[in-house]
Amino acid sequence: MKILPLTLEHLAQAYRVHSTEQPGAWSQAVFSDCLIEPYFAYQLVLDGELQGYYIGLQVLDEITLMDIAICSHYQGQGWGKFLLDDFIEQCRGRNGHEVWLEVRESNIPAINLYSSIGFELIEKRKAYYETNVGSEAALVMRLALRGRRSK
């Protein structure tokens with residue numbers, strides 16, 4: 001198991017995970033733009049293969065978790081929390097004071113994970129994400145980093 005920088009060299013592998021695991025996936029062009037400055041991205045390598053990643057964007061002392069994904073056959077085994085903990089440590093190392101994210105209202109496992117490490121619900125954006133049968137809300141969540149340590 002390794003966490004390594006995610007660069008354009010790994011675009012095909014990372015985009016395959018993104019397009020498979022994320023409903024309403026970004027285009028490959030948008031995804032590739034998120035692998036260069038001002039974004040930062042890291043990959044989770046398990047069994048010699050990219051099995052997950054995260055992408056962050058820092059503006060001053062605020063950092064946004066733009067995307068995080070784990071291959072379905074590794075979900076439910078703690079790897080999402082492992083990646084999220086690494087992301088938060090990256091944010092601390094970048095002197096971030098707040099971490100922001102948006103999550104689909106229907107993504108209960110992710111909401112529970114974010115809440116368990118201290119993210120707070122800030123806002124509900126109605127009809128934000130398109131679905132096959134209409135739309136669903138996005139929950140905007142925030143984690144204050146000052147004085148906090150990863151669990």
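Under a cut-off of 6.0 angstrom, the local environment of CD in E130 is sparse, with at most 12 non-hydrogen atoms contributed by other residues, nucleotides or ligands. Within a 6.0 Å radius of CD1 in I108, more than 12 heavy atoms belonging to other residues, nucleotides or ligands are found.
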Would D67 and F31 count as a side-chain contact (heavy atoms from CB on, under 4.5 Å) here? Give the steps. CA-CA 10 Å; D67 195 22; F31 190 87; 4.1 Å; yes
Pair K81-I117, side-chain contact (heavy atoms from CB on, under 4.5 Å): steps then yes or no: CA-CA 9 Å; K81 182 177 185 318; I117 63 168; 4.2 Å; yes
Checking K124 against E105 for the side-chain contact (heavy atoms from CB on, under 4.5 Å) test, could you report, in this order, the C-alpha distance in whole Å, the side-chain angles of both residues, the deciding distance, and whether it holds? CA-CA 9 Å; K124 181 176 180 176; E105 183 178 43; 2.7 Å; yes
Please assess L65 against F119 for the test side-chain contact (heavy atoms from CB on, under 4.5 Å), listing each intermediate value before the final yes or no. CA-CA 12 Å; L65 178 62; F119 277 88; 5.8 Å; no
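At least one donor-acceptor pair under 3.5 Å links the side chain of Q58 to the backbone N or O of R94. Without hydrogens or angle criteria, S32 side chain to A29 main chain gives a donor-acceptor distance under 3.5 Å. Not a single donor-acceptor pair under 3.5 Å links the side chain of S115 to the backbone N or O of N112.
Judged as a side-chain contact (heavy atoms from CB on, under 4.5 Å), and not counting sequence neighbours, the contacts of K2 are L4, V45. Residues that satisfy the side-chain contact (heavy atoms from CB on, under 4.5 Å) test with E102, not counting sequence neighbours, are R125, Y128, Y129, V140.
Here the options are H18, H10, Q13, the test is side chain to side chain donor-acceptor pair (under 3.5 Å), and the partner is Y53; only H18 passes.
Atom CG of N107 and atom CG of L139 lie 9.5 Å apart (nearest 0.5 Å). Residue D85 holds its CG atom at 12.5 Å from CD of Q90, rounded to the nearest 0.5 Å. Once rounded to the nearest 0.5 Å, the distance linking CZ of R104 with CD of E136 reads 5.0 Å. Atom CG of L6 and atom CZ of F40 lie 12.0 Å apart (nearest 0.5 Å). In this structure, L83 CG and I70 CD1 are separated by 4.0 Å, a value rounded to the nearest 0.5 Å. Taking NE2 from H97 and SG from C91, the interatomic distance works out to 11.5 Å, rounded to the nearest 0.5 Å.
Pairing each heavy atom of C34 with each of A41, the nearest pair is O-CB, 4.4 Å. Taking all atoms of both residues into account, the shortest heavy-atom contact from A25 to S19 is CB-CA, 3.8 Å.
Between L11 and Q28 the shortest side-chain heavy-atom distance falls below 4.5 Å. Between F87 and I68 there is no side-chain heavy-atom pair separated by less than 4.5 Å.
Hydrophobic clustering (side-chain heavy atoms under 4.5 Å, transitive across Ile, Leu, Val, Met, Phe, Trp, Tyr) groups I88 together with M1. Taking hydrophobic clusters as Ile, Leu, Val, Met, Phe, Trp and Tyr residues chained together by side-chain heavy-atom distances below 4.5 Å, W26 does not share a cluster with W100. Under the 4.5 Å side-chain heavy-atom criterion for grouping Ile, Leu, Val, Met, Phe, Trp and Tyr, L84 is connected to F82 within one hydrophobic cluster. There is a path of hydrophobic side-chain contacts, each under 4.5 Å, that joins L145 to Y42. L44 and I55 fall into different hydrophobic clusters, defined by Ile, Leu, Val, Met, Phe, Trp and Tyr side-chain heavy atoms under 4.5 Å apart, directly or through other members.
Between Q75 and E21, the side chains place a donor N or O and an acceptor N or O closer than 3.5 Å (distance only, hydrogens not considered). In this structure, a donor-acceptor pair under 3.5 Å is present between the side chains of D47 and Y74. Side-chain atoms of D86 and Y54 form a donor-acceptor pair, as typed in the model, at a separation below 3.5 Å.
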